[in-house]
Amino acid sequence: MKEKGFATAVQPDIQETSAPVVPKEYRLYFGLLVTCFALWGLLNNMTDNLVPSFAKIFMIKAVDSSLVQVAFYGAYAVLALPAAFIIKRYSYRVGVLVGLGFYMVGAFGYIPAAILQSYNLFLVSIFVLAGGLSVLETTCNPFVLSLGDESTSVRRLNFAQAFNPLGSMAGLFLAKYVILSHLNPATLEDRLAMTPDQLAAVRDVELFWVCVPYVGLILIAFIFGALSSAAS
């Protein structure tokens, strides 16, 4: 009798471990969310490299160029609670779409900022972009947990979070080979000796390459948003 009772007691555990980590009907959502985990890791590391880049491009002090990080991480502090309200009032899917939308608006803002060579406009765009990442990060973690059986929720989250450092490494690669490698080697003294037209031409090239990875990711963000809408 005791053996039968023991077998009955462990039966639920056997059933729980047999549950799929990601049920078939949620795999599209899960794949999109995994990519979002990589996205904000990529942008975190890539944006940190804008601090020395902007210090050189705009010929400003390090304390002034560090406003990039203030704008970026300040957006996380400001928009985390509104993001929680959005997903509570509406749904996780809406939260993802709002986050992607903020990212695209912020990334588009890099274009006029580069054309006008405006550091302040870059800061505003970075704040909006990071606000989108804040909404995504607040939304994606509980969204991943909800996509399947509760017994496999931790494994789902661990798997998704494994892509965050991969994105971080990709961000370092893009910053080094797309942004930093295209900075003009001219020193501060060389730039001060340039005519306004020469300096503007140098900045045009440098800011173009600053924009390339951020604006290029807009297409990926748009595709994710479209797939998320279609999967609803």
Side-chain angles (χ1 to χ4, degrees), residues 39-83 99-138 164-165 167-218 221:
L39 178 66
W40 70 66
L42 183 155
L43 291 166
N44 278 334
N45 277 19
M46 191 162 63
T47 302
D48 285 340
N49 285 277
L50 291 182
V51 175
S53 299
F54 282 154
K56 185 172 186 177
I57 294 170
F58 292 105
M59 298 186 298
I60 55 180
K61 296 179 180 178
V63 66
D64 294 322
S65 63
S66 66
L67 290 175
V68 168
Q69 292 173 314
V70 173
F72 190 88
Y73 295 107
Y76 268 77
V78 171
L79 290 175
L81 287 178
L100 291 172
F102 268 87
Y103 167 77
M104 289 189 284
V105 171
F108 268 124
Y110 278 48
I111 298 175
I115 293 173
L116 297 174
Q117 298 187 359
S118 171
Y119 179 56
N120 289 333
L121 189 51
F122 267 111
L123 293 178
V124 172
S125 300
I126 289 168
F127 182 87
V128 175
L129 181 151
L133 299 182
S134 174
V135 175
L136 280 177
E137 193 163 347
T138 304
N164 185 259
S168 297
M169 289 188 289
L172 291 173
F173 178 86
L174 287 175
K176 180 177 180 179
Y177 293 103
V178 178
I179 297 176
L180 298 177
S181 66
H182 288 92
L183 293 180
N184 193 290
T187 64
L188 176 60
E189 290 74 17
D190 294 333
R191 291 170 187 257
L192 289 173
M194 293 178 183
T195 65
D197 288 342
Q198 289 174 330
L199 183 59
V202 169
R203 283 179 175 170
D204 277 340
V205 174
E206 292 174 325
L207 293 175
F208 170 80
W209 287 105
V210 167
C211 291
V212 166
Y214 291 92
V215 176
L217 288 170
I218 291 176

Inset, instruction - Sequence neighbours left out, what pairs pass salt bridge (Lys or Arg N to Asp or Glu O under 4.0 Å) with at least one residue falling in residues 53-79? - result: none
Legend entry - Donor-acceptor pair, side chain of Ser65 and main chain of Ala62, under 3.5 angstrom: yes
Legend entry - Side-chain heavy atoms of Leu39 within contact of Leu136, under 4.5 Å: yes
Inset, instruction - Give a yes or no answer on whether the side chain of Gln69 reaches the backbone of Val51 with a donor-acceptor pair at less than 3.5 Å. - result: no
Inset, instruction - Output, in order, the C-alpha distance, side-chain angles, deciding distance and verdict of side-chain contact (heavy atoms from CB on, under 4.5 Å) for Asn184 and Val205. - result: CA-CA 9 Å; Asn184 193 290; Val205 174; over 6 Å; no
Inset, instruction - Verify the neighbour count for atom CZ of Phe102: are there more than 12 heavy atoms of other residues, nucleotides or ligands below 6.0 Å? - result: no
Inset, instruction - Can you tell me which residue pairs pass the side-chain hydrogen bond (donor to acceptor under 3.5 Å, both in side chains) test with a partner in residues 101-126, sequence neighbours excluded? - result: Gln117-Asp204
Inset, instruction - Compare all side-chain heavy atoms of Phe72 with those of Leu133 and state whether any distance is below 4.5 angstrom. - result: yes
Legend entry - Polar side-chain atom of Arg203 near backbone of Ile57 as donor-acceptor pair, under 3.5 Å: yes
Legend entry - Evaluation steps, side-chain contact (heavy atoms from CB on, under 4.5 Å), between Tyr214 and Met46: CA-CA 9 Å; Tyr214 291 92; Met46 191 162 63; 3.7 Å; yes
Legend entry - Derivation and outcome, side-chain contact (heavy atoms from CB on, under 4.5 Å), residues Met59 and Leu188: CA-CA 7 Å; Met59 298 186 298; Leu188 176 60; 3.7 Å; yes
Legend entry - Intermediate values then yes/no, side-chain contact (heavy atoms from CB on, under 4.5 Å), Phe127 and Val124: CA-CA 5 Å; Phe127 182 87; Val124 172; 5.7 Å; no
